[in-house]
> 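Below is a structure I'd like to ask you about.
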Amino acid sequence: MSRAPNAVRSERTSARPVGSMDLHPSREMVASGQRAGRNRKTQAHIRIWSTETLLTLYVFGMSEFEVGVSAVAFSQMNGGTYVLAVDGGRERILSVWQWQWGHLLGKVATLQDELTGAVFHPLDDNLLITHGKGHLTFWTRRKDGFFERTDIIKPPTRTNITSIQFEMDGDVVTADGDGFITIYSVDSDGAYFVRLEFEAHTKGISSLIMLSEGTLLSGGEKDRKIIAWDSLQNYKKITETKLPEPAGGVRSIYPQRPGRNDGNIYVGTTRNNILEGSLQRRFNQIVFGHSRQLWALAVHPDDELFATGGHDKNIALWRRNKLVWTTQVAYEVVSLSFHPFGVALAAGSTEGHLIVLNAESGQPVATVRVCGSPLSCVAYNPGGDTIAVGSQNGSIYLFRVSRDGFSYKKSNKIRGSQPLTQMDWSTDGGFIQTTTADYDLVFWDVKALQAEKSAVAMKDIKWYSHNSTVGFLVAGIWNNRYYPMTSLIITGNRSAAHDLLVTGDADGYLRLFRYPCLSPKAEYNEEKVYSLQIAAARFLFNDKNVVTVGGTDASLMLWDVVDD
């Protein structure tokens, strides 16, 4: 059998979770610290990669990190020749590397339980600063590789230092979880003292950024405020703005054009959005992301559109990688289905509500209370006049659908006992097949309103879709002889042309097979960029792309399907 075409996207840096990142002073490279995986091949390490091509340039630190890299930063004075790293292991070891050669220049155990960040001092590449809950510590690296330690904040304080910046002369500016900004200066003996402390935000400050002309910007996670302070005028407040509630609180701030004094910034928020703007003008959302678990995915029947729905109660429509609209609904969304004519989009919620949106505008047009259990799968029949709703209580609920796709009336219920995870209608609309949480394949006779006991009687049934991960036509995706390890298949989808099958498993592998896939010797192509499971994978209507969502990590990816 010939190998299947390959599902690919642009070159990526890693398939492990990234614990920390930092931008090189040239802004042409990024350092990212990886967490360890479950086997020897996926040890924690640091990667240096290109911001232009996304290709990995250097990898170092293999076998040096116990759990993962929780903080990483480039040096400043020598043009980013050094990288520091903090290991997430028990001793929180701080290490310094000459990254082009992979040389370890020195390391020390910080022994700080809750270390949240580390940086080089901008005026001294041998002075490193770590901070976190109850600690702010200076580490001076000597020529022999040993470190001298100076605790600026001493126990028993529980102040959580969340962010750190520097004035032009090297004075240290810190923000904390109580909303205070503190400035530390050096006396004639070289000892640090508090020069100024003031309350800047209600509750925590998540981010500080010192602009080139001496303006300090601070961002509040809880109060959603961004405030500008004049560091040259003893931190007099210049102006402030507040992000809209749907955007979320401030998580990070970065200037759009570092070195220019135009005040334009990017803001990353607690709800996975990126905004652009300045304190003088309003902020616009330029990147939308789901901020909680993302399980629901549906593709449009005849356009390059797909929809996602998450536990953040947001439903979004995308045209390839462009956001078309988002709608916030009243319930957490776990399943989605497009009407066969593309006019309506049905969403199943964790609380048993079926929400129907106008697919063009995103406006809700109907909400139906189905049952008290999560609606884990929904699907319209080929004619679009009936929708089947599969529940975690094991039953299937059938609703009649009006011609325009916007009106719903309950017609019948087929009682079952095992939680349902996937669902397909037959081409003639007479039968439904479902996969249960225990991976049993169950057939349902829609007219008789009961489960079909004889699987043999179903062998010639043609299926309108094939999302079920078990069955004769997809048997080869299980216990495949070429798998690197045993895989629990979470999601599957047949292409519109009925010649390809895409699957996603619990270990983050995306695989492309020929369809039907009958043999455990079936060959496939695979990619792995998800560190955990792939919650759902679907072909777009023309089979040129596959879209995937990552469940607990809320990530969304679009893939090209190309000939090998």
Side-chain angles (χ1 to χ4, degrees), residues 10-35 44-62 64-65 68-88 93-107 115-131 139 141 163-168 170 172-173 207-213 217 251-262 264-268 274 276 287 529:
S10 58
E11 289 284 349
R12 66 226 180 272
T13 58
S14 170
R16 296 301 320 146
V18 175
S20 53
M21 295 174 72
D22 192 40
L23 188 63
H24 190 268
S26 69
R27 295 197 290 282
E28 293 174 358
M29 291 175 288
V30 170
S32 59
Q34 318 295 124
R35 273 173 49 197
H45 60 275
I46 297 172
R47 286 171 181 259
I48 310 290
W49 45 276
S50 163
T51 53
E52 189 173 339
T53 65
L54 304 185
L55 289 170
T56 297
L57 307 174
Y58 299 88
V59 176
F60 59 93
M62 289 286 190
E64 278 290 339
F65 302 108
V69 182
S70 61
V72 65
F74 284 103
S75 56
Q76 300 296 315
M77 280 292 284
N78 60 15
T81 302
Y82 299 162
V83 162
L84 69 76
V86 177
D87 183 14
I93 292 172
L94 171 67
S95 55
V96 180
W97 301 77
Q98 192 157 17
W99 55 268
Q100 277 132 320
W101 309 106
H103 289 168
L104 177 61
L105 302 179
K107 61 181 180 179
L115 189 153
T116 53
V119 293
F120 284 95
H121 193 285
L123 304 181
D124 186 350
D125 291 325
N126 293 311
L127 178 58
L128 295 77
I129 303 171
T130 59
H131 63 85
W139 306 86
R141 187 175 70 87
S163 186
I164 187 166
Q165 286 286 289
F166 300 91
E167 293 185 356
M168 291 288 286
V172 178
V173 183
S207 181
L208 291 178
I209 192 85
M210 183 71 78
L211 302 180
S212 56
E213 81 280 12
L217 299 181
R251 178 63 54 77
S252 59
I253 304 171
Y254 198 77
Q256 288 185 31
R257 301 174 190 85
R260 294 197 194 173
N261 299 333
D262 58 11
N264 293 320
I265 57 173
Y266 293 114
V267 183
I274 298 177
E276 68 84 27
V287 175
V529 292

> Calculate, to the nearest 0.5 Å, the distance between atoms CG and CD belonging to L57 and Q100 respectively.
10.5 Å

> Using the salt bridge (Lys or Arg N to Asp or Glu O under 4.0 Å) criterion, which residues pair with R27? Sequence neighbours excluded.
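So R27 forms no salt bridge (Lys or Arg N to Asp or Glu O under 4.0 Å) with any residue.
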
> Quick check: do E52 and E28 have side-chain heavy atoms less than 4.5 Å from each other?
no

> Please identify each residue that fulfils ring-ring contact (aromatic ring centres under 6.0 Å, His included) with Y254, with sequence neighbours left out.
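Partners of Y254 by the ring-ring contact (aromatic ring centres under 6.0 Å, His included) criterion come out as none, since no residue qualifies.
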
> Taking the side chain as C-beta and beyond, is there a heavy-atom pair between V72 and S32 under 4.5 Å?
no

> Using the side-chain contact (heavy atoms from CB on, under 4.5 Å) definition, which of the options L23, L84, I48 pairs with F74?
I48

> Just how far is it from atom OG1 of T56 to atom CG of L54, taken to the nearest 0.5 Å?
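So the gap between those two atoms works out to 9.0 Å.
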
> S163: which residues meet the side-chain contact (heavy atoms from CB on, under 4.5 Å) condition with it, sequence neighbours left out?
A175, L208

> The criterion is ring-ring contact (aromatic ring centres under 6.0 Å, His included); which residues satisfy it with Y82, sequence neighbours excluded?
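Residues passing ring-ring contact (aromatic ring centres under 6.0 Å, His included) with Y82: none at all.
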
> Check side-chain contact (heavy atoms from CB on, under 4.5 Å) between V119 and all other residues, then give those that pass, not counting sequence neighbours.
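I129, I164, F166.
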
> Please find the pair of heavy atoms, one from P25 and one from G79, that lie closest to each other, and give the distance.
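Looking at all heavy atoms of both residues, the shortest contact is CG-C, 4.1 Å.
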
> Under the salt bridge (Lys or Arg N to Asp or Glu O under 4.0 Å) rule, collect the residues that match up with D124, sequence neighbours excluded.
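Testing D124 for salt bridge (Lys or Arg N to Asp or Glu O under 4.0 Å), a comparison that skips the adjacent residues, returns none.
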
> Got a donor-acceptor contact below 3.5 angstrom from the S50 side chain to the L55 backbone?
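The answer is no, because no donor-acceptor pair under 3.5 Å joins these two groups.
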
> Can you list the residues that meet the side chain to side chain donor-acceptor pair (under 3.5 Å) rule with Q98, with sequence neighbours excluded?
none

> Any chance you could measure S75, atom OG, to L128, atom CG, to the nearest 0.5 Å?
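Rounded to the nearest 0.5 Å, the OG-CG separation comes out at 9.0 Å.
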
> Tell me every residue that passes salt bridge (Lys or Arg N to Asp or Glu O under 4.0 Å) with E213, counting only those two or more places apart in sequence or in another chain.
none

> Mind checking whether I265 and I209 have side chains closer than 4.5 Å, heavy atoms only?
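No, every pair of side-chain atoms sits at 4.5 Å or beyond.
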
> Minimum heavy-atom separation for L211 to P255, with atom names?
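Where L211 meets P255 most closely, the heavy atoms are CD2-CB, 4.1 Å.
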
> Test of understanding: with side-chain contact (heavy atoms from CB on, under 4.5 Å), list the residues that count as partners of M168, not counting sequence neighbours.
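Applying side-chain contact (heavy atoms from CB on, under 4.5 Å) to M168 gives none.
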
> Taking I93's backbone N and O only, do any of them form a donor-acceptor pair with D87's side chain (distance below 3.5 Å, no angle check)?
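Not confirmed, D87 side chain does not pair with I93 backbone.
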
> Return the CZ to CE distance between F120 and M77, rounded to the nearest 0.5 Å.
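Those atoms lie 13.0 Å apart.
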
> I'd like to check the side chain to side chain donor-acceptor pair (under 3.5 Å) partners of W97; sequence neighbours left out, ordered by chain and number.
S95

> Locate the shortest heavy-atom distance separating A118 from A71; write the atom from each residue and the value.
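Result for this residue pair: N-CB, 4.1 Å.
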
> Between N264 and E276, does the side-chain contact (heavy atoms from CB on, under 4.5 Å) criterion hold? Intermediate values first, please.
CA-CA 7 Å; N264 293 320; E276 68 84 27; 5.8 Å; no

> Atom CZ of R257 and atom CG of D262: how far apart are they, to the nearest 0.5 Å?
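Nearest 0.5 Å value for the CZ-CG distance: 5.0 Å.
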
> Give me the atom names and distance for the closest heavy-atom approach of G68 to A44.
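What the structure gives for the nearest pair is CA-CB, 3.6 Å.
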
> Taking side-chain contact (heavy atoms from CB on, under 4.5 Å) as the definition, give me every residue that meets it alongside S212, ordered by chain and number, with sequence neighbours left out.
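Per chain and number, S212 pairs via side-chain contact (heavy atoms from CB on, under 4.5 Å) with N261.
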
> State the CG-CG distance between N78 and D125, to the nearest 0.5 angstrom.
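It comes to 3.5 Å.
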
> Looking at every heavy atom in both T81 and W99, which two are closest together, and how far apart are they?
O-CD1, 3.1 Å

> Check whether any side-chain heavy atom of L94 sits under 4.5 Å from a side-chain heavy atom of W139, and report yes or no.
yes

> Mind checking what makes side chain to side chain donor-acceptor pair (under 3.5 Å) contact with H24, not counting sequence neighbours?
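By the side chain to side chain donor-acceptor pair (under 3.5 Å) rule, H24 matches S26.
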
> For a quick test of reading the model, state the closest non-hydrogen atom pair linking V69 to H45 and the distance between them.
CG2-O, 3.7 Å

> Under a 3.5 Å distance rule, please check whether H103 uses its side chain to pair with a backbone N or O of L105 as donor and acceptor.
no

